[in-house]
A.B. asks: 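The following block contains the structure, expressed as structure tokens.
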Amino acid sequence: MPPLSPDNILSPLNSQQRLAVQQIEGPLLILAGPGSGKTRVITHRIAHMIHQGIPSQSIVALTFTNKAADEMRNRLQNLSPDNRTWTGTFHRFCSRLLRQHAELVGLQQNFTIYDSGDSKKVMKQAIENAKVDLKHYSADKLASQVSNVKNNGITTEHFKPRPGHALDTIIGKVYPEYQKLLKIANGVDFDDLLLHAVDLLKIAPELRETLDRGFAYMMVDEYQDTNLTQYQLIRMLNHSLKNLAVTGDPDQSIYGWRGANINNILEFEKDYPGVNLVRLEQNYRSTPTILRVADQLIANNVRRKKKQLHTDNPEGAPVRLVTFPSPRDESLDIADTIQLGIESGKHRAKDYAVLYRANWLSRSVEHALRSAGLPYQIINGHEFYQRKEIKDVLGYLHLLNNPRDNVAFERVVNTPPRKIGKVTLGRLRRWAQDNNSSMLDAARNCDQINTISKAPTSKLTQFVAMFDRLSFMSTDQVEPVIRAILDETDFRNWLTLDGSEEGYERAGNVDELVVACEEFDRDRPTEGGLEAYLEQAALVSDTDIWESQSDRVTLMTLHAAKGLEFPNVYIVGLEDGILPHERSSTDDDQIEEERRLLFVGITRAEKHLQISRCVNRFRRGSFWPAIASRFLMELPREEMQIFEPAGTNYDEEGVADSISQIDPWMHDGLPSIDINEETDLSGIDTNVAPAPQPQQNSPQNSLSGISLKIQTGAQLAEKQAAMPSQIRLHPDRFETGMKVQHAEYGVGNIVQLTGEGQKRTATIHFASLGNKRFRLAFTNLSILE
DNA sequence: ATTCGCAAAGTTTTT
DNA sequence: CTTTGCGAAT
């Protein structure tokens with residue numbers, strides 16, 4: 001453990017980093033590019049402040065993920081042992097605050113934190129109560145819209161529907177009802193943690209003032225990802241004392257969909273006049289090549305602060321850009337390369353990461369890695385805590401901790417089945433609402449509810465009796481409680497009743513949960529266990545599960561990869577509709593965010609990076625032709641190593657066509673001299689470089705020893721022609737200006753015609769949709785005039 | 001009340 | 001291809 005001396009704190013820093021560390025008073029904006037030592041700056045800055053005599057408990061560092069907070073805490077611990085600085089996530093910070101002052105915002109201290117699944121149930125109830133019909137908007141849509149509103153710091157009192165906005169009107173009904181139900185259940189959703197905290201500070205100005213001065217120095221990590229509610233929280237705690245340092249990178253803002261407001265960082269200088277600005281532009285992570293690729297891509301964004309990323313790292317290998325026929329080939333090739341890398345002794349499994357836009361894309365990769373016998377860890381949703389059997393058991397814990405938790409009550413009252421059906425529950429719910437009581441209390445008084453008949457009454461009474469037996473237990477330790485629950489309910493027997501494989505698997509999961517509770521008890525032997533356990537269970541994120549030490553290949557989404565780095569990175573599925581995602585391709589802001597997402601992915605790589613796409617993608621049960629992502633066109637192809645099998649140029653939008661125009665490989669199947677001169681081919685095994693053979697059907701290309709089944713344009717044309725039998729007019733029949741009928745899009749006018757033969761493409765203008773492009777060989781059009 | 005079966009829908013990203 | 005939801009049968 002190094003002693004706390006100015007030398008240890010300042011000497012390992014470059015001049016910019018030192019500037020940021022030594023700037024203690026007043027507002028500070030640290031624009032930190034990827035791999036620029038941001039965490040180091042934050043931790044050294046805190047250590048420096050402590051060394052300067054600032055009480056460590058007056059410093060707070062807020063992050064978005066537990067992973068980031070833990071990392072920070074550990075590193076700070078090394079620099080400054082015995083510090084009492086609070087590091088943690090926004091949500092935990094707010095939760096702590098709310099538990100201390102719950103009554104002020106109409107909660108009880110033992111409130112439940114609902115995950116998105118639970119809050120969706122509340123939302124459905126709210127929709128029913130508010131008598132809103134779901135013809136126009138789904139429950140999901142309404143839930144996310146309400147979340148949006150809350151992320152913008154708007155409480156039910158302040159929400160004013162804009163006249164003429166149908167959605168607003170509905171939200172105006174549903175939102176208050178939803179909040180009412182949450183309050184009755186003494187529950188909060190994720191957004192509430194932040195929103196109620198802000199509310200609390202507004203209601204209690206003297207508390208705000210105390211906290212503002214108490215947390216005299218505040219640091220916020222990933223400031224570009226803050227939403228308006230978080231922004232308000234930060235402002236309110238940095239009003240009297242404005243010693244606020246934020247770090248962030250607008251280019252890595254990827255949570256706009258969750259309400260993150262990139263303006264918070266772009267306008268930080270306006271919000272806090274007299275701000276000091278430090279740019280961390282030296283990158284210690286990646287090769288110059290990788291950085292150039294990242295830089296050129298992100299240069300296409302308009303909404304950003306320009307940075308000049310540079311590095312002293314050695315040049316390294318070129319970035320590879322590969323087109324595969326199918327995800328299977330993509331995955332097999334990746335698995336194979338990884339295996340070779342490990343066998344050669346140059347790399348370990350943990351040096352590799354495969355990143356993708358959406359979780360479902362991991363499947364084929366997972367399969368390939370498993371077949372190859374490679375160890376991997378997949379970071380995938382709240383998988384464990386999401387399982388039904390886990391949620392069921394946790395439901396009992398929640399109900400014990402917060403007897404007003406109606407969601408938990410409804411979850412467990414008939415699990416395992418006790419012959420309490422939805423009719424009974426409906427009556428119970430009605431009575432509870434009419435009598436302002438919780439469902440549990442309603443069940444307690446069910447003999448007074450005349451709509452409920454004898455049999456269910458006795459069942460409910462039994463359930464309440466069981467609950468009461470359990471609630472006598474001390475909640476200091478979790479494990480005894482959970483064991484008692486399993487005993488009382490005979491849970492394991494119920495799971496394994498049918499003797500199915502699945503049942504035993506579920507029972508195994510429950511056992512795992514018990515072990516997790518034991519561990520929790522062991523780590524925190526004294527404190528009031530149950531509530532703390534439930535809180536941490538609610539606030540863990542999938543990325544927290546990621547183990548940096550374990551020697552396994554990492555599979556995760558691009559979002560989850562933020563903040564991490566790997567020697568070798570594969571980014572897969574660079575296809576239109578996937579990245580950018582089809583639901584984010586409507587407006588420019590969303591496209592920019594998708595671009596940032598790819599930027600984040602690229603900048604995770606230290607030494608080797610491969611970006612790939614497939615020509616066909618298995619989606620919704622069958623293979624569909626996939627169009628290359630538009631972002632591929634924005635990369636500096638002249639300095640990348642490009643592998644494209646022949647015949648990849650058959651996408652409808654003509655993207656691959658343009659590739660073929662830029663990429664000499666596509667013209668005659670031979671690498672051009674230009675490419676060879678400009679590309680560093682050292683380290684490339686010439687045997688694995690493909691020799692594309694246009695129009696050839698047999699497998700020819702081999703990447704890293706895996707053969708690629710080339711699907712040619714001709715093949716695809718055949719395939720498409722074999723699809724729904726429709727008579728297609730010869731491409732030459734069409735002329736610009738013609739009025740044509742498209743089966744799906746209706747009537748339009750041909751505004752442009754390009755290409756020859758199979759590639760002949762028409763741009764057609766539809767009144768309703770604007771311009772669309774079609775390959776005439778594959779599209780069924782009839783001529784109207 | 002529970003279970004089974006079929007149909008439809010839908011596949012972002014997360015505290 | 002999967003999961004979810006709903007409705008009918010037991």
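So you know, we letter chains A, B, ... as the sequences are listed, proteins then strands, and number each from 1.
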A.B. asks: When you check the side-chain N and O atoms of A/Glu330 and A/Ser612, is any donor under 3.5 Å from an acceptor?
C.D. replies: yes
A.B. asks: Let's see if you can work this out: which of B/dT14, B/dT15, B/dA1 has an atom nearest to the side-chain heavy atoms of A/Thr424?
C.D. replies: B/dA1
A.B. asks: Both A/Val423 and A/Arg92 contact DNA chain B. Which one's nearest nucleotide lies toward the 5' end?
C.D. replies: A/Val423
A.B. asks: What's A/Asn414 touching, base or sugar-phosphate or nothing? Going by heavy atoms closer than 4.0 Å.
C.D. replies: sugar-phosphate
A.B. asks: Go nucleotide by nucleotide along DNA chain C from the 5' end; which of A/Ser622 and A/Lys120 gets its closest nucleotide reached first?
C.D. replies: A/Ser622
A.B. asks: Check the side chains of A/Gln179 and A/Lys150 for a donor-acceptor pair under 3.5 angstrom, ignoring hydrogens and angles.
C.D. replies: yes
A.B. asks: Between A/Arg73 and A/Thr87, is any side-chain donor less than 3.5 angstrom from a side-chain acceptor?
C.D. replies: yes
A.B. asks: Between B/dT15 and A/Phe90, is there a base-stacking contact, meaning the centre of the base's six-membered ring lies under 5.5 Å from the residue's ring centre while the planes stay under 30° apart?
C.D. replies: no
A.B. asks: Using a distance-only test with no angle check, is there a side-chain donor-acceptor pair under 3.5 angstrom linking A/Asn129 and A/Tyr178?
C.D. replies: no
A.B. asks: Under 4.0 Å between any heavy atoms, over every strand shown, what does A/Lys124 touch: base, sugar-phosphate, or nothing? Just pick one.
C.D. replies: sugar-phosphate
A.B. asks: Of the options B/dT2, C/dC1, B/dT15, whose atoms approach the side-chain atoms of A/Phe618 most closely?
C.D. replies: C/dC1
A.B. asks: Would you mind reading off the distance between A/Glu128 atom CD and C/dG5 atom C1', rounded to a whole angstrom?
C.D. replies: 15 Å
A.B. asks: Calculate the interatomic distance between A/Lys419 atom NZ and B/dA1 atom P; express it in whole Å.
C.D. replies: 9 Å
A.B. asks: Could you state the atom-to-atom distance from NZ of A/Lys422 to P of C/dG5 in whole Å?
C.D. replies: 12 Å
A.B. asks: Here's a test of your reading of the structure: between A/Pro456 and A/Glu593, which maps to the more 5' nucleotide of DNA chain B?
C.D. replies: A/Pro456
